[in-house]
Engineer: 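There's a structure below that I have some questions on.
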Amino acid sequence: MSDSYIASFSPEILHARAEQIFAERLRQVHVRTDRWFAGLMVVQYVAGIAVALTISPRTWIGPTSALHVHVLAATLLGALIASLPVALALLEPGRAITRHVVAVAQMLFSALLIHLTGGRIETHFHVFGSLAFLAFYRDYSVLLTATAVVALDHWLRGIYWPQSVYGVLTPSPYRWLEHAGWVLLEVGGLWLASLENLKEMQRDALQKAALEHAHEVTEQEVAQRTAELARKNQELDEFTYVASHDLQEPVRKLISFSKLLEQDLGGQLPPQAAKDLQFIVDAATRMRDLIQALLALSRTGRSAMQLAPVDLNTCADRALQALELRLQETGAEVVRDPLPTVVGDATLLTQLYQNLLGNALKFIAPGQPPRIHLTARQNENGWVLGVQDNGIGIQPEHAERIFRPFQRLHSRSQYEGTGIGLAICKKAVERHGGQIWVQSQPGAGSHFQFTLATAMPGPDKNFDKNLAESAPCKPPLELASAC
Amino acid sequence: MFSIASATNLPRPARRPSVWLGVAVGLWAIGVLAGLGSLWSYALRPGAETAAPKAWPQASGLARVPGRWTLVMFLHPRCPCSRASLAELDKLLARSSGVLQGWIVAVRPSGTHPDWPHTAAMRRASALTGTQTIVDDGGRLAGQFQARTSGETFLYHPAGQLVFHGGLTPARGHEGDNPGSEAILAYLRGRWGSSITTTPVFGCPLLESHTPSLAAARKPP
Amino acid sequence: MQASPRAGKRVLILLAEDDPGDQELTRRALQGKVLRTDLRIVENGEELLDYLYRRGAYAAPDAAPRPDLILLDLNMPRMGGREVLARLKHDPALCRIPIVVLTTSSQETDIVRSYDLGCNSYIQKPVDIEQFIQVVQQLENYWFEVVTLPPAVEEEPATSAGAICPGL
């Protein structure tokens with residue numbers, strides 16, 4: 001994420017959040033380091049005892065020996081030194097007091113270990129090592145505390161046991177500076193490294209805050225757009241419904257009065273006029289059918305979905321029942337795979353099957369009794385259901401068009417219908433969170449397949465109280481002609 | 001960018017540091033200081049002060065090479081502090097360029113078995129060039145020199161007088177720069193005055209305080 | 001078939017319907033019958049009340065003869081059919097007049113509510129013109145040849161106890 005992009009976000013909120021993230025991360029570093037030091041304290045404690053037992057296990061007066069003070073010191077004083085930092089690391093990790101106590105204790109362990117090993121030069125390296133470890137806290141004040149402890153140790157011994165500090169009775173003042181110089185060099189280096197590290201953590205925190213923000217913004221936008229899209233869809237369905245509904249009345253009048261006109265004119269109508277009138281009536285009738293189809297389509301989009309476990313066999317049965325006459329007329333044979341029970345709206349699903357079966361019974365191959373197969377199979381996402389026929393088939397290049405409203409592949413003289421049936425099927429399937437498609441070749445029949453999401457999308461907002469007509473599993477008879 | 005200063009002084013959870021915590025830290029600090037203090041006290045407790053023979057005790061049986069500086073160091077073979085003294089002696093010998101003849105005496109108190117003084121420290125002592133290591137059975141030699149503490153060292157001028165008497169370690173069992181080594185080196189380099197330099201000796205007592213051998217070996221200087 | 005007490009007298013149907021097309025269709029459907037039916041038309045609920053209470057445009061004497069049957073459309077502008085139905089059936093002077101709801105709505109709620117408010121029957125207007133004419137004629141036949149209509153309240157006051165129509 002580029003810095004200029006970050007800069008475009010509101011700086012106060014971003015920095016506040018970044019500071020939060022940074023503080024939390026730093027706190028975690030402190031807690032981790034505290035715990036780590038607690039372990040180190042224990043190790044140093046044990047090492048101290050081991051050193052005392054190895055180097056100076058017993059003290060002698062002539063032939064007799066006793067336990068050396070060092071062993072006692074390593075065990076008791078070591079435990080005392082380690083006690084508070086370990087306790088604080090376990091009980092109050094991450095707090096400032098804890099790491100300062102750790103720093104003090106660590107330096108005290110240096111002093112103890114140096115003492116136990118008799119002032120060995122190599123043991124003095126523990127001091128520098130400890131300072132480096134303390135730098136893990138990334139807190140310069142901790143380093144200062146440690147340095148202060150070392151300075152205090154030198155100063156106190158300088159007062160009470162001067163010869164212990166440098167061994168010479170008149171120490172050269174420059175020795176002190178030399179010691180101080182080395183310590184300051186290391187502390188300075190560690191502090192600078194710490195600062196660099198902290199700056200990096202800050203940058204990371206800022207990046208993370210910006211990322212979070214961008215996410216939020218994106219999510220909000222997505223949510224907004226989705227809501228708007230849903231709203232527009234609903235508006236469209238509403239509009240379609242209202243328009244269709246209001247259009248129905250004048251169309252009815254058109255048809256009625258055309259017929260009355262016919263009656264009024266009786267036999268006195270010249271054949272040309274009669275034909276004209278017939279065309280008017282036909283057109284009006286067709287308009288009525290189209291409006292009713294639109295109405296059906298919008299209802300499919302608008303009606304409240306009543307979700308319940310639905311046995312698809314029942315829906316198929318009801319659909320077949322509504323098409324009983326046609327089944328008999330065509331001598332159709334229907335076979336089915338065992339259909340599952342799914343969660344969905346029974347009315348919509350029955351309507352879906354009715355439209356697909358209606359099509360299968362309409363677009364039949366001449367000279368061949370229709371054979372319809374209701375298919376069902378499972379894939380990793382759920383059920384794939386289908387209606388397969390041995391009818392006239394569809395050219396693959398039209399496979400997508402046919403699902404659009406009013407798209408017809410044949411003229412009205414060949415097959416009747418408004419071209420809305422598959423659009424209704426598509427809407428019904430989509431409201432169940434699924435997809436619908438067709439596999440077909442001309443002359444080889446068609447297999448219409450659809451999926452239904454087994455998990456339902458969120459609560460349906462398309463609830464219009466005026467459309468409470470959809471009682472569960474009522475066969476939608478008025479839609480039978482909608483194909 | 002927000003300041004690092006403000007971030008290292010973390011916005012910590014608003015809990016007042018409890019009084020008990022402060023008390024605990026205070027007590028702990030006092031405790032550890034006292035502990036370390038007493039450790040140092042122990043380490044810097046010098047051995048018994050003695051009146052060393054100002055002239056080479058002839059009756060000691062130790063041969064003194066005339067014309068050379070003679071150094072005698074008494075060690076408790078098992079005292080851990082002896083190691084530090086030996087280390088300092090080693091450094092000293094390295095810087096003394098051969099003008100020094102050293103005697104290292106391992107004192108074996110009566111009542112201990114003959115192998116008692118043969119420790120790693122004494123083996124190391126034997127290996128030091130320019131020195132000879134002997135065992136002082138019963139502490140007779142120690143009595144003659146009035147040596148009471150492990151690490152007690154005597155330096156005699158080539159002419160035979162005592163010029164230095166004391167320890168070569170800055171603290172019990174500690175190596176490091178110490179006034180004793182400094183003084184000896186000064187003497188060896190020709191800078192010396194008329195008084196005897198003494199430094200405190202930090203080490204275990206060579207013998208038990210009232211051993212008969214000590215009383216018996218006491219001789220007027 | 002029992003002859004109505006008013007055999008020979010012209011019967012008056014009051015149609016409350018706002019759509020001119022439906023007005024015309026109803027008029028045409030009522031023509032050509034043996035029984036002579038007069039048809040008066042009002043266009044909304046307020047006008048219906050004005051007519052029945054003989055006020056406003058219908059204040060003149062003999063301007064609004066009492067109808068024998070009211071055909072009521074539910075979906076009218078201003079005051080709709082449902083409100084008027086409630087008003088009429090709560091009015092002791094008018095509640096006796098049979099009201100047939102003749103409307104396009106097939107909503108269950110409309111049907112139930114209309115009956116609850118006291119309509120005498122509910123007919124859904126058929127879409128097809130021929131069926132519509134048939135229904136109207138059956139209506140005429142039923143209400144004026146089969147059914148015995150009640151006398152006017154002025155002639156025979158309401159009985160008090162237990163009457164659904166509120167007594168005077």
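A note on names: the letters A, B, ... follow the listed sequences, proteins ahead of strands, and every chain is numbered from 1.
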Engineer: Considering only heavy atoms from C-beta outward, does the side chain of A:S65 approach that of B:R78 to under 4.5 Å?
Structural biologist: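 No, side chains not in contact.
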Engineer: Where on A:L77 is there a heavy atom nearer than 4.5 Å to chain B: the side chain, the backbone, both, or neither?
Structural biologist: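 Just the side chain, heavy atoms under 4.5 Å.
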Engineer: Does B:V25 form a side-chain contact (heavy atoms from CB on, under 4.5 Å) with A:H100? I'd like the steps, not just the answer.
Structural biologist: CA-CA 10 Å; B:V25 173; A:H100 283 278; over 6 Å; no
Engineer: If you measure from CD1 on A:I61 to SG on B:C79, what distance do you get to the nearest 0.5 Å?
Structural biologist: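 The SG atom of B:C79 is 10.5 Å from CD1 of A:I61, to the nearest 0.5 Å.
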Engineer: Heavy atoms only: give me the nearest B:W28-A:L108 pair and the separation to one decimal.
Structural biologist: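 Scanning both residues completely, I find the closest heavy atoms to be CH2-CD1, 4.3 Å.
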Engineer: Can you tell me which portion of A:I97 sits under 4.5 Å from chain B's heavy atoms? Options are side chain, backbone, both or neither.
Structural biologist: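 Just the side chain, heavy atoms under 4.5 Å.
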Engineer: Specify the closest pair of heavy atoms between B:C204 and A:W60, including all atoms of both residues, with the distance to one decimal.
Structural biologist: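 Result for this residue pair: CB-O, 3.0 Å.
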Engineer: How long is the straight-line distance from CG of B:L21 back to OG1 of A:T98, given to the nearest 0.5 Å?
Structural biologist: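 That separation rounds to 7.0 Å.
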Engineer: Search all heavy atoms of A:V69 against all heavy atoms of B:Y42 and return the closest pair with its distance.
Structural biologist: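 In this case the closest contact between A:V69 and B:Y42 is CG2-CE1, 3.6 Å.
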Engineer: Counting a contact as any heavy-atom pair under 4.5 Å apart, which residues of residues 111-118 of chain B contact chain A?
Structural biologist: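 Hits under 4.5 Å: B:T112, B:W116.
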Engineer: Between B:H174 and A:H115, what is the ring plane arrangement, given parallel below 30°, perpendicular above 60°, and tilted in between?
Structural biologist: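 Because their plane-to-plane angle is over 60°, the rings of B:H174 and A:H115 count as perpendicular.
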Engineer: Can you sort out the partners of B:S126 under side-chain hydrogen bond (donor to acceptor under 3.5 Å, both in side chains), two or more places apart, ordered by chain and number?
Structural biologist: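 B:S126: no side-chain hydrogen bond (donor to acceptor under 3.5 Å, both in side chains) contacts found.
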Engineer: Using non-hydrogen atoms only, which part of B:R83 is less than 4.5 Å away from chain A: side chain, backbone, both, or neither?
Structural biologist: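 Just the side chain, heavy atoms under 4.5 Å.
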Engineer: Is it the backbone or the side chain of A:A16 that comes under 4.5 Å from a heavy atom of chain B, or both, or neither?
Structural biologist: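 For A:A16, neither part sits under 4.5 Å from chain B.
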Engineer: Sort B:L206 into side chain, backbone, both or neither according to what part of it lies under 4.5 angstrom from a heavy atom of chain A.
Structural biologist: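 Looking at B:L206, just its backbone touches chain A.
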Engineer: Between A:H68, A:R58, A:R120, A:M201, which has the largest tally of heavy atom pairs under 4.5 Å with chain B?
Structural biologist: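 Max contact count across the listed options: A:H68.
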Engineer: Taking every non-hydrogen pair under 4.5 Å, which of B:A24, B:G31, B:P109 racks up the most with chain A?
Structural biologist: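 Among B:A24, B:G31, B:P109, the one with the most close pairs to chain A is B:P109.
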Engineer: For A:L88, is it the side chain, the backbone, both or neither that has a heavy atom under 4.5 Å from a heavy atom of chain B?
Structural biologist: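 Interface part for A:L88: side chain.
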